[in-house]
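Note that the coordinates shown come from a computational prediction; the quantities given were computed from them, not determined experimentally.
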Amino acid sequence: MSKEDVGVTVSKNEDFSEWYTQVVLKAKLADYAPVKGLIVLRPDGYSIWESLKNTLDKKFAKNGIRNGFLPILIPESLLGKEKKHFAGFNPEVFWVTHSGTNEIGDKLALRPTSETLAYTMYSKWIQSWRDLPLKINFWNTALRAEIKATKPFLRTSEFLWQEGHTVHTTQEEAEREVMKILEIYKNTVQEELAIPVTVGKKSEKEKFVGAVYTTTMESIMPDGKALQMGTSHFLGQNFSKPFEVKFADKDNVEHFTWQTSWGVSWRLIGAMIMVHGDDNGLVLPPNVAPTQVVIVPIYRNDEGKKIVLSKVEEIKTNLESEEIRVHVDDRSELSPGYKFNDWELKGVPLRIEIGPKDIEKQSMVIAKRYNREKSSLGFDEIKKISSILDEIQKNMLKNAQEKARENTIDISDYAEFKSKIEGGGFFNAPWCGKLECEEKIKEETGADIRVIPFGSENSNLKCAYCQEQSMSIPIFARGY
RNA sequence: GGGAUUGUAGUCUAGCUUGGUAUGAUACUAGUCUGGGGGACUAGUGGUCGCAGGUUCAAAUCCUGCCAAUCCCA
């Protein structure tokens, strides 16, 4: 392997797909498992997931949601209870057909999602209005067979996610819950991962199979494709009826409940890699970085080493006392230059270099990963590191927002739409609301309706396809 | 769903056409010198050539099937 091969060998602009795969593997976030479509999450990758999990758990708890755990196997008879839902998932379900050598009569699905199982349980647990609302979240994995074109984090046959399932006495309360969750998702993604999202509804065609409607948050990736970042569904009574999730109200009349379900997956990690990474590798937002600050000590001899290392230890202790995640790279066999490149590949937000020159000047060199700027910081200014990290976090979001704006195009003319779609991007195109136009556009441009943003209702324009009166201005894009 | 390409040490790779027991680099281990943007030298370790069959005196190489990966187009 040549020196260049240690790092990422292709440019993000020239070969985006290859670049992405190399970053995932070389930054050691994940590796391929021996089975098609499955990956192994390595500690740095899992740490990012844990960070998201912690943030979401706190917000869920504040909203009265508690965690539970569901088994992975669902009998076919249960999965088939809501017919549209089953038809939607069936092509990608893995089945367990045998226990040892015995064939299983009612074969078992490896959960593609847990609505059917959760609601079977819910119907047992809920009898009275006093049992509601019931709000449980499950951290688990889901399995959906991907026949082709798998990609770490973005499309894998098994993925880590959380699925929340709530039950309410009224439609209004359930719909409020749907929106509350979407808001939590949006804030988490923007504040933690520094990725801007657009929220709104999915079209009838693109909604979750079995839902009354689906709300979603979508982001634009640097290659111009859209990525679904998370969804929150209003299920109405579509599941409560077949699964008999009922309650007796205060007047002792039995009603079907109103339900929601919602989820985000490790796909968010994929989005973060794509949005922030560069030709030198991964770039992590400080909030989710397993290591926020790495210190590289530099010395020429044993005496210098002693002086430098004692200063480094002092700084490390100092930073740790402020809850900053810091690592000292004291590997003696590697040169400083190698370490710089290594930590940049891994995306550590801030690097501190301390050598004999710095000791003399009573200052250290700090290098920001996201813009690769180097500057000097006095030893007495160590308290500033925390605010520097905050500033990095904010600037990363700002930069991403700018790029997203540049890639968003208002469309009034269909010819313009067709000519620009090859370059990718989010296309704000007025739409009459008819499935026919949606399908035609998909057929002719490859773009589908990613999201109908809240507040985009508009009847003063003409449908980009059929020229009839518009209903809304959805975002059309080619998706992942 | 359609197409193209690939699999040899932790990693990258030569060898394959024309069958004869695997090349080089890097990484790893030990040591010496080094150290502010991917260091140098010396000596070592590391391989069921993706898996399973077949052909053959002999298979990384030829044949068949399978598994896995990458990219492009629906």
Determine whether a donor-acceptor pair (N or O, by modelled atom type, separation under 3.5 Å) exists between the side chain of A/K12 and the backbone of A/G277.
yes

Check for a donor-acceptor pair, side chain of A/E344 on one end and backbone N or O of A/G281 on the other, with a separation under 3.5 Å.
no

Could you check whether A/G304 gets within reach of a base, just the sugar-phosphate, or nothing at all, counting any heavy atom under 4.0 Å?
nothing

Please give, in whole Å, the distance from B/U26 P to A/N341 CG?
18 Å

Let me know the distance between CH2 of A/W343 and P of B/G36, rounded to the nearest Å.
18 Å

Between protein and nucleic acid, restricted to nucleotides 70-74 of chain B and to nitrogen or oxygen atoms under 3.5 Å apart, what atom pairs and distances do you find?
from, atom 1, to, atom 2, distance (Å)
B/U70, OP1, A/Y32, OH, 2.2
B/C71, OP1, A/S17, O, 3.3
B/C71, OP1, A/S17, OG, 2.8
B/C71, OP1, A/K151, NZ, 2.6

Test item: A/S47 side-chain N/O and A/D44 main-chain N/O as donor-acceptor pair under 3.5 Å:
no

Can you tell me how far C1' in B/C49 sits from the matching atom in B/G3, rounded to whole Å?
28 Å

Given the C1' atoms of B/C12 and B/C51, what is the spacing between them in whole Å?
23 Å

For the pair A/W49 and A/W139, name the ring-plane relationship: parallel under 30°, tilted 30 to 60°, perpendicular over 60°.
perpendicular

Rounded to the nearest Å, what distance is computed from the NZ atom of residue A/K346 to the C1' atom of nucleotide B/G38?
14 Å

For nucleotides B/A22 and B/G54, find the distance between their C1' atoms and express it as a whole number of Å.
23 Å

I'd like to know whether the aromatic ring centres of A/W266 and A/F153 sit less than 6.0 Å apart in this structure.
yes

Residue matched to B/U23 through Watson-Crick or wobble contacts both under 3.5 angstrom:
none

May I ask you to say what A/P34 touches in the nucleic acid, namely base, sugar-phosphate or nothing, with a heavy-atom cut-off under 4.0 Å?
sugar-phosphate

Write down the partner of B/G65 under the Watson-Crick or G-U wobble criteria, each distance required to be under 3.5 Å.
B/C51

Is the gap between the ring centers of A/F417 and A/F427 under 6.0 Å?
yes

Rounded off to whole Å, could you give me the CD1-to-C1' distance for the A/I352 and B/G36 pair?
15 Å

Using whole Å, report how far NZ of A/K36 lies from P of B/G7.
18 Å

Write down the partner of B/A14 under the Watson-Crick or G-U wobble criteria, each distance required to be under 3.5 Å.
none

Whole-Å C1' distance, B/C16 and B/C71:
24 Å

Would you kindly give the CD1-to-P distance between A/I307 and B/G36, to the nearest whole Å?
18 Å

Please check if the side chain of A/R111 supplies one atom and the backbone of A/T141 the other of a donor-acceptor pair under 3.5 Å.
yes

Whole-angstrom distance between B/U5 and B/G10, as gauged at atom P
28 Å

Looking just at side-chain N and O atoms, do A/T97 and A/E103 make a donor-acceptor pair shorter than 3.5 Å?
no

Partner of B/G44 by Watson-Crick or G-U wobble geometry, both contacts under 3.5 Å, or none?
B/C28

A cation-pi test, strictly: NZ or CZ of A/K201 under 6.0 Å from the centre of the six-membered ring of A/Y213 and no more than 45 degrees from its axis. Yes or no?
yes

By the Watson-Crick or G-U definition, both distances under 3.5 Å, B/G1 is matched with B/C73

Can you check the distance between B/U64 and B/U17, where both ends of the measurement are the P atom (answer in whole Å)?
15 Å

Using the C1' atom as the reference point in each nucleotide, state the distance between B/U29 and B/U45 in Å, no decimals.
7 Å

Base, sugar-phosphate or nothing for A/K357? Non-hydrogen atoms, less than 4.0 Å.
base

For atom CD1 of A/I39 and atom P of B/A68, their distance in whole Å
16 Å

I'd like the C1' distance from B/C72 over to B/U26, given in whole Å.
31 Å

Expressed in angstrom and rounded to an integer, what is the separation of A/K26 atom NZ from B/U11 atom P?
12 Å

Between A/R478 and A/T445, is there a donor-acceptor pair closer than 3.5 Å when you use the side chain of the first and the backbone of the second?
yes

Using a 4.0 Å heavy-atom cut-off to protein, can you give one letter per nucleotide of nucleotides 30-35 of chain B, 5' to 3': B if the base is in contact, S if only the sugar-phosphate is, - if neither?
-----B

Say whether A/E444 and A/Y414, considering side chains only, have a donor N or O and an acceptor N or O under 3.5 Å apart.
yes

Classify A/V365 by what it touches in the nucleic acid, base, sugar-phosphate, or nothing, heavy-atom distance under 4.0 Å.
base

Tell whether A/D342 reaches the base of B/G38 with its side chain through a donor-acceptor pair below 3.5 angstrom.
no

